[in-house]
Asker: 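Pasting a structure below so you can have a look.
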Number of protein chains: 2
Amino acid sequence: MKKGNPTIHEIARALNINSSTVSRALNDSSRVTQKTKEKVLAKAKELGYQRNLLASNLRRSRSNTIGVVVPRISRHFFSSTIAGIEEAAFSAGFNVIICQSLEALDREQRIVKNLIANRVDGILISVSMETTNSKHLEYFRDNGIPLVFFDRHCADMPDASKVLIDDRQAAYDAVTHLIGKGCRKIAHFSGPQELRIYKNRLKGYKEALRDNQITYNPKLVLTSKLMEADGYASAQKLLESSKDVDGIFAANDVSAIGAIKYLKKQGKQIPEDMAIVGFSNEPISEAIEPSLTTIDQSGFEIGKIACDLLVDNIRSRESTGIHNKTIFIDTTLIERGSTQKNG
Amino acid sequence: MKKGNPTIHEIARALNINSSTVSRALNDSSRVTQKTKEKVLAKAKELGYQRNLLASNLRRSRSNTIGVVVPRISRHFFSSTIAGIEEAAFSAGFNVIICQSLEALDREQRIVKNLIANRVDGILISVSMETTNSKHLEYFRDNGIPLVFFDRHCADMPDASKVLIDDRQAAYDAVTHLIGKGCRKIAHFSGPQELRIYKNRLKGYKEALRDNQITYNPKLVLTSKLMEADGYASAQKLLESSKDVDGIFAANDVSAIGAIKYLKKQGKQIPEDMAIVGFSNEPISEAIEPSLTTIDQSGFEIGKIACDLLVDNIRSRESTGIHNKTIFIDTTLIERGSTQKNG
DNA sequence: CTGTTAGCGCGTTCAG
DNA sequence: CTGAACGCGCTAACAG
């Protein structure tokens with residue numbers, strides 16, 4: 001058993017033809033006879049030839065790879081996004097390098113550097129909570145390498161391609177829903193305002209209040225990193241200071257779950273005296289269903305669409321150039337417990 | 001702005017030195033003066049030099065990349081495993097290519113082929129439900145490329161490296177736990193017997209029964225693909241035919257959840273007249289907590305350990321050679337609802 | 001339709 | 001300590 005893999009030269013020598021012909025045959029070029037193709041393919045199989053993409057990529061100076069950067073792989077939203085990306089990339093013939101920033105800017109920077117060194121053909125990114133500027137992403141714009149933001153994007157790259165949900169609208173709908181259920185004192189758990197998505201969700205919250213003649217009270221807006229513990233603490237803080245809060249609009253799912261856990265511990269009947277709405281990514285547990293209405297966003301779909309867009313950009317790069325655009329994904333307001341109420 | 005990236009030659013020319021020196025400086029070789037190193041590094045930064053890993057990898061004929069194959073990224077167990085792998089790989093300086101087989105053998109074969117073409121330095125794999133033989137993995141053994149199975153492995157590669165949980169023991173513990181709670185008629189939801197893990201879980205089930213003088217009844221073993229719908233259907237089938245089943249040991253979490261959903265729909269008080277134990281990967285919802293005791297396996301830890309082992313194998317490949325071994329990860333029996341009972 | 005030539009960008013000899 | 005030269009495996013360009 002030889003160590004090194006056989007190369008196109010070895011199969012060329014065995015067939016007494018030139019290695020270029022072998023290369024062309026292997027790539028199913030139209031400029032090779034069917035006959036030689038068959039001979040080459042047969043010999044390749046016989047020798048156990050395995051194409052070396054490293055060499056191929058170097059020569060063509062493309063890596064055939066898409067870089068993906070997410071804050072945390074294990075979060076349900078991102079793992080389903082990745083599933084969608086994988087799906088789209090695989091059928092387009094691209095490999096995918098997945099990296100997680102763990103919400104840290106310095107790590108995100110290192111990752112981006114590594115992706116550049118790997119000469120990725122394009123990059124899909126959902127930025128970390130610490131990412132307030134896009135300096136480390138300039139390279140891609142400067143070198144004409146396609147980049148698509150999804151979900152979390154940078155405010156200072158307005159002209160980049162983005163696949164987003166309409167946060168303002170979704171928040172508006174959520175809060176309107178709460179108001180429709182009779183809530184008047186609605187709190188909002190908000191995230192870092194440097195991130196566009198949280199800013200827009202706050203905006204939608206305010207607009208819904210305004211359109212329903214409810215005075216905006218800044219004290220009802222609690223900003224945090226939106227971890228479960230934050231939601232728990234926020235709910236605690238809220239209920240201890242002013243007891244007349246009757247609704248919560250949480251800017252993500254886990255903080256909403258934190259709030260519910262606190263309320264449950266206090267023995268509150270959540271459906272009765274408190275309505276909660278959150279942006280949902282996680283599969284919401286059934287215990288929470290009766291009280292938590294969610295604005296759902298399909299991670300899989302976002303990933304698939306973002307990757308398709310990126311692949312489009314990669315392919316059109318050489319011909320028509322990159323056309324950046326923003327795609328908005330629909331969200332669905334799911335009122336849980338409604339089936340339970342009926343059943 | 002130039003199109004192509006600057007190469008070591010350009011920075012060599014700018015400094016009037018040879019490109020080899022630049023290469024060495026960039027790689028922090030001991031055979032270069034500190035002074036030249038500094039000059040090179042400064043010039044590199046100035047020109048915006050970005051090392052081309054494609055070329056580097058081709059030359060060194062290694063890709064610096066680990067291939068990971070899982071059945072489905074969006075499943076919680078695998079996404080946490082991947083998080084662990086990512087973590088370990090990142091700190092060891094490896095990239096990771098993640099691929100999902102979607103439980104299909106033909107897709108798994110294509111993936112493996114692609115990984116080989118990409119000249120991965122090693123591979124981590126949890127095989128699909130359809131994978132009953134390891135023909136497509138022979139290449140790695142034949143070419144001395146490290147391979148580590150985790151969780152789901154191939155029976156016909158006994159000498160490969162593996163990171164597993166002790167399925168037999170865990171199943172034994174789970175069933176013993178049910179018996180301790182007073183169950184005598186315990187059903188088992190089992191998976192494809194071609195997969196070692198399900199075979200071993202069945203084995204543990206049988207042994208626990210035997211050691212407690214309970215006669216094994218094959219009719220209580222329902223084999224399926226263990227989806228949620230399967231669990232639902234199995235529970236239904238079970239309860240409709242023989243009403244005296246008082247315990248279920250499900251070989252995974254989602255099938256257990258399916259069973260619980262069915263029972264709930266029937267208005268059964270699960271904690272009272274039915275005990276359920278399942279292998280847990282998903283974050284189990286609180287609604288289920290009171291009734292579902294789980295055998296928990298930490299995906300993150302399994303991933304991290306598997307990747308560490310693989311990196312070890314990759315590194316020792318050139319020196320001492322690969323030493324295959326199997327590592328068993330501990331599982332934890334978590335009895336949910338116990339806190340609830342106390343509180 | 002096929003062969004020849006010349007690199008892609010880097011790392012690694014071997015000299016000096 | 002540094003320079004010159006070669007080659008990793010493949011493919012683009014140009015011949016024929």
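When reading the values below, keep in mind they use all heavy atoms of this one structure, side chains included, and skip hydrogens, waters and symmetry mates. Every chain is numbered from 1 and lettered A, B, ... according to where its sequence line falls, protein lines coming before strand lines.
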Asker: Can Asn27(A) and Arg51(A) be said to form a side-chain hydrogen bond (donor to acceptor under 3.5 Å, both in side chains), step by step?
Answerer: CA-CA 10 Å; Asn27(A) 286 312; Arg51(A) 131 190 283 230; 2.5 Å; yes
Asker: Please list, in 5' to 3' order, the outermost nucleotides of DNA chain C lying under 4.0 Å from any heavy atom of chain B.
Answerer: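 With heavy atoms of chain B under 4.0 Å away, the range is dG9(C) to dT13(C).
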Asker: Using only heavy-atom distances, determine whether the side chains of Thr131(A) and Ser128(A) contain a donor-acceptor pair under 3.5 Å.
Answerer: yes
Asker: Here's a test of your reading of the structure: between Leu58(B) and Ser20(B), which maps to the more 5' nucleotide of DNA chain C?
Answerer: Leu58(B)
Asker: Using a 4.0 Å heavy-atom cut-off across all strands, classify Ser19(B) as base, sugar-phosphate, or nothing.
Answerer: nothing
Asker: Indicate, with a heavy-atom threshold strictly under 4.0 Å, whether Arg24(A) touches base, sugar-phosphate, or nothing.
Answerer: base
Asker: Name the nucleic acid region contacted by Asn27(B), choosing base, sugar-phosphate or nothing; use a 4.0 angstrom heavy-atom cut-off, strictly under.
Answerer: sugar-phosphate
Asker: Can we say Arg107(B) and Glu130(B) salt-bridge, meaning some charged N sits less than 4.0 Å from an Asp/Glu carboxylate O?
Answerer: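 Not counted as a salt bridge, because no side-chain N and carboxylate O are separated by less than 4.0 Å.
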Asker: Does Ile17(B) or Thr7(A) map to a spot on DNA chain D nearer the 5' end, using the closest nucleotide for each?
Answerer: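 The residue whose closest nucleotide sits nearer the 5' end is Ile17(B).
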Asker: Under 3.5 Å, is there a donor-acceptor pair between the side chain of Lys37(B) and the main chain of Ser29(B)?
Answerer: yes
Asker: Pick base, sugar-phosphate or nothing for Asn52(A), based on heavy-atom distances below 4.0 Å to the nucleic acid.
Answerer: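 Sugar-phosphate, backbone atoms only, no base.
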Asker: Would you call Lys43(B) and Glu46(B) a salt bridge, taking side-chain N to carboxylate O under 4.0 Å as the test?
Answerer: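 Salt bridge present between Lys43(B) and Glu46(B).
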Asker: When all nucleic acid strands are considered with a 4.0 Å heavy-atom cut-off, which category describes Leu54(B): base, sugar-phosphate, or nothing?
Answerer: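 Result for Leu54(B) = nothing.
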